[in-house]
Amino acid sequence: MPEVILSAQDLVKHYPIRSGVLRRVAGQVKAVDGVSFDLHKGETLGIVGESGCGKSTLGRLLMRLEEPTSGKVIFGGEDWSGASGRKLRQMRRNIQIVFQDPYTSLNPRMTVGDIVGEPLEIHSDVVPKGGRRKRVQELLDLVGLNPEHINRYPHQFSGGQRQRIGIARGIALNPSVLVCDEPVSALDVSVQAQVVNLMEKLQDELGLAYVFIAHDLSVVRHISDRVGVMYLGRMAELGEEDEVYSRPTHPYTQALLSAVPVPDPTLRGKRDQIVLQGDVPSPANPPSGCRFHTRCWKAQEVCTTDEPELELRPDGLGAHLSRCHFAEPRLILETVDVSDLEPDTRFAGTEVQDMSDLGAGLGAAGGGEDLGSSAADAGVERSSALHPDTDQAPQDTTRLVDEQPGDDRPTR
Amino acid sequence: MTDAAVAEVTVAEPREGGVREEERSLASDAWRALRGNPVFWVSAVLIAVFTLMAIWPSLFTNTDPREAILAESRSRPGDGTWFGRDIQGYDIYARCIYGARASILVGVMTTAMAVAIGGGIGMISGYLGGAWDATFSRIGDIFFSIPLLLGAIIFLSSLPEFFNDNYFLVIMKVVLALAFLGWPSLARLMRSSVIQVKPNDYVQAARALGASPSRIIRSHILPNSLAPLIVVATISLGGYIAVEATLSFLGIGLQPPAISWGIDISAAIVGLRTTPHMLFFPSLFLSLAVLGFILMGDAVRDALDPKTR
C-alpha cells in the first residue's frame, strides 16, 4: 500500500451553544467527535452520511478552514494543525478544496483567468509572472474547458462548467490531496457523470488523492477506493469500497445501502429494505453508548451504555473497521459496480466535451469548415438533433445547458 | 449528418467566436443599466452643471457676487439683473452661481469622509466580527443616537476660533461636523453587506488558498459588498447639501463673507412678503442640487440592486 499522505487523528470539532444575556456556554454541538482515518497517496476516500452528520465540517477541518477543538491533521508526516503563518501557506499548496455549489464558489466579479490564476498569484514562486496566463490556459484545457474563455465571467458558464473551473482552481498548485465537499451534488445527473469522470482522469494524470465527501452512495462507490460512513460526528464504518458496499457490518450502513434505488424493475418489492424509525438525534445531545442505538433494530442494553470501538470486525470474508457491538454482514441488494465494465457503444458516453466549448473551438478554427475529428462530428449531429432550429433553442439568459450549440444568449 | 445542421452551426460560429466578453466589474455593470435610464441622464446633467458652477463660476457670470449696489437694493428680476438684487444690493444670480461651490464642496467632502470612516469601520467589524464588531457597533450606536442637527450645532459652536480663518477651514468645519455624525449609518450598511458576502464559498476558497486578509478584502469582499454603500452615499450627498444650507441658515455653518445658498436664504427672510424673489432663487438652486443627487442615487440603486431588475 502506498504511503499515507494525509492522516486525521481523533479530530474533534465542538461548536459552543451560547445562551442568555451573558452569552454563557450552555452546551456543545458535537459536529465532529473523534474521527480518525488515513488517506494514502493517489487513492480516493469516500465519506458518506446523511445531512448534518459532520461530513462537511470534517472537510473544513482537513482544510484548516476551521480550527479543530482537539485532534490533529498530519500531512506528509507533519502536523499541520499546529502550523501557522508561512508554514501554513506552504502546506496549503498541497491540499486544496472543491466546493459543493458552483454558483457561490466562484467570485462573480472576477474573470475565469483571475479565478484560476489566483492560486498562482498568492503563491507567486510556483510559476513566474510571465508564464501564469499560459499556465491558466493549460489548466482550463486540462479540465475540458476552452482556454480561449479565459476572459469570461462565471455567469457565462453552466453549472458543470463552473464546477470544472472550481476544479481547475483546486489543482492549480499541483496539490497532492483534493478535498471534494459534495462536488457533484448540485449538478444535473448527466453533468455529474462528466465531472466525476473528469476527476478520475485528473487523478490518473496528476496522482491526486481525493477525500470525496458526498451523500450519493452510487457516486461514492463509483469513484472511491475506500469508503467511510459517518453518523452523528463519528465514523460508523470504514473499509475498502467492496467491503463496505458488499459486506456492510454496521446496521446504519446496511440501512443506508438498502435505500439506494435499484434500476431493475424485476427486483421491485423483493428487496430487503430497512426503514429506520425516528430522526437523527441532535448532535448537541448525542445518545449515550452507541450513537445509533436510538434507531437501531439490533439495539440491546449494552448499546445504551457502552460505546463500541471502531475496530476490525469480521465481515464474512475478511474483516474491516466497524463501530458496532453486534457487527455481522448482511447482504443488501444494491447497484452493481460497473466501473470496470466496458461501456456499451450504443449509448452516448459521458466523455464528450461540453458542447459550448466545442462550438467555440470550431469558431476559432474558422467557421468550422474542417470538421475532421469524429468527436466534433458527433457533437454537431447531437446538437442539431437537439435543436433542429436555432430559434427554438432555449433563450436562457443566465445558465447555459451543456448540450446547447454555442452559448449565443442575448446580452442584456 | 444533414447539410442543414452543418450550415446552422457554421452560421452561428462567427458570433460565438467573436469578442463578446461581457464585462462584470462593478462599474461596467452599473453603466450598462444606467445608460438606458432617463432619470440618470437628467440627474447627470444637473450634477454636471452644478459641478461646473462650483469649479468655474466665472463661466456663468461676470458679475462680482460681493459687489454691493445699495442704491438698487431689493430690485426685482429684470431691472438690469436676471434675478434681481438682495437687501445688500448683491446680484442674486451671481450669488446663486457662486454659492454652488460651498454646497458641492461640503456635499462631496462630507460624503468622501463618511464613506471612508463608515466603510472602513463597517468592513473591520463585519470582517473581524466578535469583540471588534461589538465595540464598533456600540460606538456607532452612540453616534447614531445623537440627532444630526443638534449634534452639528453643538459640534460647530464648540470648535475653536481657528476654523474661521479662511474659506477652506470654514468649509472643513461643516464637513467635519457632518461626517462625524454621518458615518454610523454607512458603517452599519457596510457591516451588513460584508457579513453577507463573507461566508460565500469563494471567500472560503481564497482562505483555503492561503490568501492574506488584505487580499481577501481587496479582491473578493470589497467588490461584492460595495454596491449598497455607493447607493446610500450618493443619496445622502444630497442630504448633506441640504443640512449644510440648514446650518448656514441657522447662522452656525458657513458665515458671511462666505457665499452659500443657506446664508442667502437666511438673509432673504426679511423680504418674505415684499420681495420673495430674494428667497426663491437660492431655494430653487438648493432644491435642484439636492434633487440631482437624490435622483442619481435612485438611478444608481436601480442599477446596482439585482433584485429590482
Side-chain angles (χ1 to χ4, degrees), chain A residues 60 63-65 88-93 95-97 99-101 104-111 114-115 118-119 121-123 148 151-156 166 169-170 173 179 356 359-360 362-364 366-369 371 377 380-381 383-385 387-390 405-408 411-412, chain B residues 1-30 32-33 35-36 130-131 134 196-212 214-216 218-227 303 306 309:
Chain A
R60 297 168 61 85
M63 284 306 301
R64 272 205 68 182
L65 287 172
L88 184 65
R89 262 165 62 100
Q90 279 295 314
M91 302 196 85
R92 285 202 187 281
R93 277 189 201 177
I95 176 163
Q96 273 304 315
I97 188 162
F99 287 98
Q100 170 177 9
D101 186 353
T104 63
S105 63
L106 306 176
N107 186 342
R109 305 231 176 254
M110 281 166 82
T111 62
D114 289 338
I115 291 170
E118 192 178 28
E121 267 184 48
I122 294 169
H123 301 271
E148 283 169 27
N151 287 329
R152 292 199 174 184
Y153 286 84
H155 73 280
Q156 293 170 298
R169 172 177 61 192
L173 296 168
V179 176
S356 55
L362 293 174
E369 274 159 282
L371 296 172
D377 261 7
V380 174
E381 207 160 356
S383 62
S384 64
H387 307 293
D389 187 348
T390 351
D407 45 351
D408 49 344
T411 25
R412 275 175 298 148
Chain B
M1 183 189 303
T2 62
D3 287 349
V6 180
E8 176 214 312
V9 171
T10 47
V11 165
E13 282 331 310
R15 274 196 296 147
E16 161 61 29
V19 189
R20 197 174 41 75
E21 248 77 274
E22 221 178 304
E23 277 279 343
R24 213 32 186 342
S25 73
L26 199 59
S28 58
D29 227 19
R32 248 203 330 275
R35 63 188 170 196
Q196 217 170 12
V197 170
K198 203 185 148 195
N200 270 326
D201 281 347
Y202 54 83
V203 179
Q204 300 300 323
R207 278 184 60 206
L209 285 167
S212 61
S214 77
R215 189 191 177 86
I216 292 177
R218 204 161 17 91
S219 57
H220 295 287
I221 295 190
L222 204 56
N224 286 292
S225 61
L226 208 55
R309 278 186 211 160

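If you're wondering where the values come from, they're calculated on a predicted model, not measured in any experiment. Quick note on labels: first sequence line is chain A, next is B, and so on, each numbered from 1. Just so it is clear, the values below take in all heavy atoms, side chains as well, and ignore hydrogens, waters and symmetry mates.
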For [X], is it the side chain, the backbone, both or neither that has a heavy atom under 4.5 Å from a heavy atom of chain B?
X        : answer
A/Arg93  : neither
A/Ile115 : neither
A/Leu65  : both

### Summary
Of A/Asp101, A/Thr104, A/Ile97, A/Leu106, the largest count of non-hydrogen pairs under 4.5 angstrom with chain B goes to A/Thr104
### Message
Distance check, rounded to the nearest 0.5 Å: B/Gln204 atom CD versus A/Met63 atom CE?
### Response
10.0 Å
### Task
Kindly compute the distance separating CZ (A/Arg109) from OH (B/Tyr202), expressed to the nearest 0.5 Å.
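Result: 8.5 Å between the selected atoms.
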### Message
So, applying side chain to side chain contact (heavy atoms under 4.5 Å, CB included) with B/Leu209, which one of A/Gln96, A/Arg89, A/Glu121, A/Arg92 is it?
### Response
A/Gln96
### Message
When you measure from the side chain of A/Asn107 to the backbone of B/Ser219, do you find a donor-acceptor pair of N or O atoms at a distance under 3.5 Å?
### Response
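Looks like yes, one N/O pair under 3.5 Å.
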### Task
Search all heavy atoms of A/Arg64 against all heavy atoms of B/Arg207 and return the closest pair with its distance.
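Smallest interatomic distance, heavy atoms only, reads O-NH2, 4.4 Å.
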### Task
Please report the shortest heavy-atom distance between A/Ile122 and B/Ala211, naming the atom on each side.
CD1-CB, 3.4 Å
